Amino acid sequence: MRKLLANESLTIVAGQAMSVTAPVAQTLQITQGRVWVTVSGQGDDYWLSAGQFLNVAADSHIVIEAHKGNSVVQVQQQATRLPAISARAGFSKPMSAGRTPATC
């Protein structure tokens, strides 16, 4: 299992699953493809497509799997700390440097 780094881009091949931890509160922005995401301790899984995001709390264990095609996930550090067990999905425009994700 690897730690997610702020401002990194993950390319996940179709059918590949990646197990990661978020050392700090982070936003996972889907910039290409479609992914299935599960966050340890959460009751729901998430299907996210390009243009959608998921906010995850610090110390979260996350599994991300690409669906049908290669997917790209952009990781950005949150400015504030989320509750210990928290995940929130939503829609936004593609993220650019210095921009915070929209909330829903």
Side-chain angles (χ1 to χ4, degrees):
M1 186 173 358
R2 67 187 287 277
K3 288 185 179 184
L4 291 175
L5 303 174
N7 302 318
E8 82 171 302
S9 183
L10 305 173
T11 299
I12 306 170
V13 178
Q16 175 187 15
M18 185 176 287
S19 180
V20 296
T21 59
V24 296
Q26 294 177 323
T27 297
L28 308 179
Q29 172 78 43
I30 314 311
T31 58
Q32 176 185 322
R34 183 167 187 202
V35 296
W36 165 80
V37 181
T38 188
V39 181
S40 183
Q42 297 292 307
D44 296 318
D45 290 346
Y46 303 90
W47 280 103
L48 303 170
S49 298
Q52 294 182 297
F53 68 89
L54 179 67
N55 291 327
V56 295
D59 302 319
S60 294
H61 173 228
I62 306 154
V63 177
I64 309 167
E65 183 175 346
H67 178 70
K68 291 191 179 181
N70 294 349
S71 297
V72 178
V73 179
Q74 181 67 38
V75 179
Q76 292 209 342
Q77 184 173 334
Q78 289 286 315
T80 59
R81 185 170 175 85
L82 297 173
I85 297 187
S86 173
R88 183 174 184 162
F91 298 89
S92 72
K93 295 179 182 175
M95 289 173 56
S96 57
R99 190 174 155 272
T100 56
T103 57
C104 54

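Predicted model only: the values in this text are computed from it and were never measured.
- Side-chain contact check for Val37 versus Val63: every heavy-atom pair is 4.5 Å or farther apart.
- Under the 4.5 Å side-chain contact rule for hydrophobic residues, Val73 and Tyr46 share a cluster.
- Cluster membership check: Leu54 shares its hydrophobic cluster with Val75, using side-chain heavy-atom separations under 4.5 Å among Ile, Leu, Val, Met, Phe, Trp and Tyr.
- If you take CG on Leu48 and CG on Leu28, they are separated by 8.0 Å, rounding to the nearest 0.5 Å.
- Partners of Lys3 by side-chain contact (heavy atoms from CB on, under 4.5 Å), not counting sequence neighbours, listed by chain and number: Thr21, Pro23.
- Take Trp47 and apply the side chain to side chain donor-acceptor pair (under 3.5 Å) test, not counting sequence neighbours, and it matches no residue.
- When all heavy atoms of Gly51 and Gln29 are compared, the pair lying nearest together is C-NE2, 3.6 Å.
- Here Trp36 contributes atom CH2 and Glu65 contributes atom CD; the two are 6.5 Å apart, rounded to the nearest 0.5 Å.
- Contact check for Ile62 versus Leu4: side-chain heavy atoms found under the 4.5 Å cut-off.
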Name the atoms and distances for all side-chain donor-acceptor pairs under 3.5 Å in residues 6-20, with sequence neighbours left out.
from: Glu8; atom 1: OE1; to: Arg2; atom 2: NH2; distance (Å): 2.7
from: Glu8; atom 1: OE2; to: Leu5; atom 2: N; distance (Å): 2.6
from: Gln16; atom 1: OE1; to: Val13; atom 2: N; distance (Å): 3.0
from: Ser19; atom 1: OG; to: His61; atom 2: NE2; distance (Å): 2.7

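- Counting only heavy atoms from C-beta outward, the side chains of Ser49 and Arg34 approach each other to under 4.5 Å.
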